[in-house]
J.: 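Please read through the structure below; I'll follow up with questions.
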Amino acid sequence: MMTEASKKITIFDSTLRDGAQAEGISFSVKDKLDIVKILDKMGIDIIEAGNPGSNPKDIAFFEELKTLPLSHAALCAFGSTCHPGKKAEDDANLQAILKTNTKYAAIFGKASVFHVQSILNTTREENLRMIEDSCQFLSQNGKKVIFDAEHFFDGYALDADYALATLKAAEKGGAVAVSLCDTNGGTLPSKIQKIVGHVCNSLQIEVAIHAHNDSGLGVAASLSGVEGGASQVQGTFLGYGERCGNANLATVIADLQLKMGYQCLPENKIEKLTPTAIKIAEISNYALTGREPYIGKSAFAHKGGMHIDAVLKAPHSFEHIDPQSVGNQRRILMSEVAGRGTIIQLIHEIDPGIEKHSKEATRVMDRIKELEYQGYQFEGAESSVKLLIRKELGKFKPFFEIEDFKTIGEKPAAGHALSASAIVKVSVEGQEAINAAEGDGPVNALDKALRAALEGFYPSIKSLRLTDFKVRVIDQGATASKVRVLIESSDGDDIWSNVGVSTDVIEASLIALVDSIEYKLLKDMEKKIKDYYL
């Protein structure tokens, strides 16, 4: 059982294995290498890299890993126990694990009598032999073995003595840790805490909790496992995995470290939690909902006027932690239920000296009201509001001007998926550039052409990409009705939204796109100034 003096929790990330099993996720070798670097920099203890014998992609990945320097994390190869009736030394998968340069090997085996007899079609005794033999083979050949007890909690409910026997077989075989897997994700946290406590009192090696989210309890189950005595937590960084996913480590880490007093990450690393999550989401091509605890863009967003007033006076009134402690930030949303104080808060980010009832504040308010009358809605598009405030206060110089643009939509030829093209001409401090691009629709083509035309002047926008695009008709009636376009953009470090309104959907999109790029360039400029003075 873990003591109060040893409140370090080992974090085991299986994004590259469990996460790769999620619907819609497909990592390239480069994607995997980039994620390993990010997790290592974050201070994750163990990174499960995948199964070295399962497919050509993983084989190539493990070869690349041999020359990848890491500063903190230890790598882990994944596989299964040997098969019924076969020795571990003759198992090709276990041999493949030995050929990797990983410090750890995680092998799974059955901990449920039902799975042993009905899925593996073998005996209880043979399953225990397979577990012990596999762990012994790997451990005697230099690997630190973690035994993943698959379906452990379901197996414990059926036959607790046998479920424990599988763990003791792994311990006897030389495993350094056992991972208790709630594979179906259906065990209640209260039961998990009690069972983990029993296991910890029955073994001499480390106990890990590996929870799935099929009941929406992945995080709660992980925390309960730690309360029961587990000193290692396994999961994926953003919670994705097969079916409903795995325990979300971004949430688990924050809960354990900020709420429960455990050490999960090295000093000051938890402040990188939000940007790390954004980078991993970008690489995974996984759209964050914005409502993720701690790291979502809405996690500290305030809309109601009374809530905003309270949080500005005393942040803890409506915020359970300081957003900056996890690398996030407070967002004050513009809406019909927000007041003048909301605008002043945003103005003070640019010029703290402007008072609530000053002519400058009134001018900004009047401009916002005018735009809202035209159909703008700034809720969730505070990036556009910040640019608007700068323009009204005379504190903004455009980074570029669009001299001309043209989009062409057409029915694509057979075998050609792209359905539109665009030409954009820009001017930057008297210098002009023109570029053309094809895209999946006119807005996508326009976005590509605009960024391509500007990359020669501003190389940093190569990292910028459109992550979401929404269109809403705001006037009922004819085809000349106004439309409002809301786009979400990311540069891999941050996510922001911008809005545009017009009777022409292309023009509305362009307004939002220009704001998005301007905001990115402004953000980069402010960072350079900050870094210079630091």
Side-chain angles (χ1 to χ4, degrees), residues 334 343 346-351 354 360-361 363-368 370-372 374-378 381-407 422-437 442-443 445-466 469 484-491 493-502 504-532:
M334 294 289 303
I343 307 297
L346 294 173
I347 289 175
H348 282 174
E349 291 182 18
I350 299 165
D351 188 341
I354 293 179
E360 292 89 352
R363 186 165 68 247
V364 170
M365 287 288 294
D366 288 345
R367 179 58 177 159
I368 289 173
E370 178 186 344
L371 290 172
E372 287 178 338
Q374 294 176 18
Y376 277 80
Q377 185 181 49
F378 291 108
E382 68 273 13
S383 303
S384 288
V385 179
K386 290 177 181 179
L387 289 173
L388 181 154
I389 291 171
R390 282 183 171 275
K391 291 172 183 177
E392 290 300 315
L393 297 180
K395 296 181 179 292
F396 180 78
K397 179 183 178 182
F399 289 89
F400 62 92
E401 299 285 347
I402 295 180
E403 299 289 339
D404 192 18
F405 76 93
K406 179 183 292 184
T407 61
I423 302 172
V424 177
K425 182 179 181 181
V426 298
S427 173
V428 178
E429 296 184 349
Q431 297 184 58
E432 294 182 342
I434 187 169
N435 212 300
V443 175
L446 187 60
D447 176 37
K448 289 181 177 179
L450 177 56
R451 287 191 286 115
L454 291 170
E455 282 177 5
F457 301 103
Y458 305 110
S460 69
I461 67 171
K462 290 180 180 179
S463 65
L464 180 65
R465 76 180 187 97
L466 192 67
F469 177 82
R484 179 167 57 238
V485 170
L486 184 70
I487 67 169
E488 182 182 87
S489 306
S490 176
D491 59 2
D493 292 315
D494 196 7
I495 297 173
W496 61 94
S497 300
N498 298 89
V499 63
V501 171
S502 174
D504 182 340
V505 67
I506 304 300
E507 184 178 40
S509 301
L510 185 60
I511 292 170
L513 286 171
V514 168
D515 268 10
S516 173
I517 295 172
E518 293 273 22
Y519 184 77
K520 159 67 176 170
L521 297 174
L522 180 64
K523 191 164 65 82
D524 290 346
M525 183 182 71
E526 290 177 339
K527 185 179 184 300
K528 286 181 181 179
I529 293 172
K530 181 179 179 181
D531 291 345
Y532 176 81

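Because the structure is predicted, anything quoted here is derived from the model rather than measured.
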J.: Are Glu526 and Arg390 within salt-bridge range, i.e. N to O under 4.0 Å?
T.: yes
J.: Atom NZ of Lys406 and atom CD1 of Ile506: how far apart are they, to the nearest 0.5 Å?
T.: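 CD1 of Ile506 is found 14.0 Å from NZ of Lys406.
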J.: Side chains of Lys523 and Asp491, heavy atoms from C-beta outward: is any pair under 4.5 Å?
T.: yes
J.: Taking the side chain as C-beta and beyond, is there a heavy-atom pair between Phe399 and Leu454 under 4.5 Å?
T.: no
J.: Would you check if Leu521 and Ser460 make a side-chain contact, meaning some heavy-atom pair closer than 4.5 Å?
T.: yes
J.: Less than 4.5 Å apart, side chain to side chain, heavy atoms only: is that true for Leu388 and Leu371?
T.: yes
J.: So how far is it from Asp493 CG to Lys527 NZ, rounded to the nearest 0.5 Å?
T.: 8.0 Å
J.: Could you measure the distance from the CD1 atom of Ile511 to the OG atom of Ser516? Nearest 0.5 Å is fine.
T.: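 Rounded to the nearest 0.5 Å, the CD1-OG separation comes to 13.5 Å.
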J.: Once you round to the nearest 0.5 Å, how far does CG of Leu510 lie from CG of Asp504?
T.: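 That separation rounds to 9.5 Å.
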J.: Report the relative orientation of the aromatic rings in Tyr376 and Phe378; use parallel for angles under 30°, tilted for 30 to 60°, perpendicular for over 60°.
T.: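 Tyr376 and Phe378: parallel rings.
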J.: So Tyr458 and Asp524, side chain to side chain contact (heavy atoms under 4.5 Å, CB included) or not? Walk me through it.
T.: CA-CA 10 Å; Tyr458 305 110; Asp524 290 346; over 6 Å; no
J.: Rounded to the nearest 0.5 Å, what separates atom NZ in Lys386 from atom OG in Ser384?
T.: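 Taking NZ in Lys386 and OG in Ser384, the distance rounds to 11.0 Å.
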J.: Check Val364 against Glu392 and note the closest heavy-atom contact, atom names and distance.
T.: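 Closest heavy-atom pair between Val364 and Glu392: CG2-CB, 3.9 Å.
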J.: Is the shortest heavy-atom distance from the side chain of Val485 to the side chain of Leu513 under 4.5 Å?
T.: no
J.: If I take atom OG from residue Ser383 and atom CH2 from residue Trp496, how far apart are they, to the nearest 0.5 angstrom?
T.: 7.5 Å
J.: Can you name the nearest heavy-atom pair linking Ala512 to Asn498, along with the distance?
T.: O-CB, 3.6 Å
J.: Are any non-hydrogen side-chain atoms of Ile423 and Ile434 less than 4.5 angstrom apart?
T.: yes
J.: Looking at Asp515 and Leu387, what are the two nearest heavy atoms and their distance?
T.: O-CD1, 3.3 Å
J.: Can you list the steps and then say if Phe400 with Ile517 is a side chain to side chain contact (heavy atoms under 4.5 Å, CB included)?
T.: CA-CA 10 Å; Phe400 62 92; Ile517 295 172; 3.7 Å; yes
J.: With Lys425, which of Glu432, Glu401, Glu403 fulfils salt bridge (charged side-chain N to carboxylate O under 4.0 Å, His left out)?
T.: Glu432
J.: Between Leu346 and Val385, what is the shortest heavy-atom contact and its length?
T.: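 Minimum heavy-atom separation between Leu346 and Val385: CD1-CG1, 3.6 Å.
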J.: Evaluate side chain to side chain contact (heavy atoms under 4.5 Å, CB included) for Lys520 paired with Ile461, printing each intermediate quantity in order.
T.: CA-CA 7 Å; Lys520 159 67 176 170; Ile461 67 171; 4.2 Å; yes
J.: Which pair of non-hydrogen atoms, one from Ala422 and one from Ala449, has the smallest distance, and what is that distance?
T.: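 Reported closest heavy-atom pair: O-CB, 3.8 Å.
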J.: Quick one, Asn435 and Val424 - any side-chain contact, counting heavy atoms below 4.5 Å?
T.: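 A side-chain contact is absent here, since even the closest heavy-atom pair is not under 4.5 Å.
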J.: Nearest heavy-atom pair of Lys395 and Asp351: which atoms, and what distance?
T.: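 Lys395 and Asp351 have their closest heavy atoms at CE-OD2, 3.5 Å.
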J.: Evaluate the criterion side chain to side chain contact (heavy atoms under 4.5 Å, CB included) for residue pair Ile402 and Leu450; output intermediate values, then yes/no.
T.: CA-CA 9 Å; Ile402 295 180; Leu450 177 56; 4.2 Å; yes
J.: Take atom CD of Glu370 as the centre, draw a 6.0 Å sphere, and report whether it contains more than 12 heavy atoms from other residues, nucleotides or ligands.
T.: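 Yes - once you tally the heavy atoms of other residues, nucleotides and ligands closer than 6.0 Å, there are more than 12.
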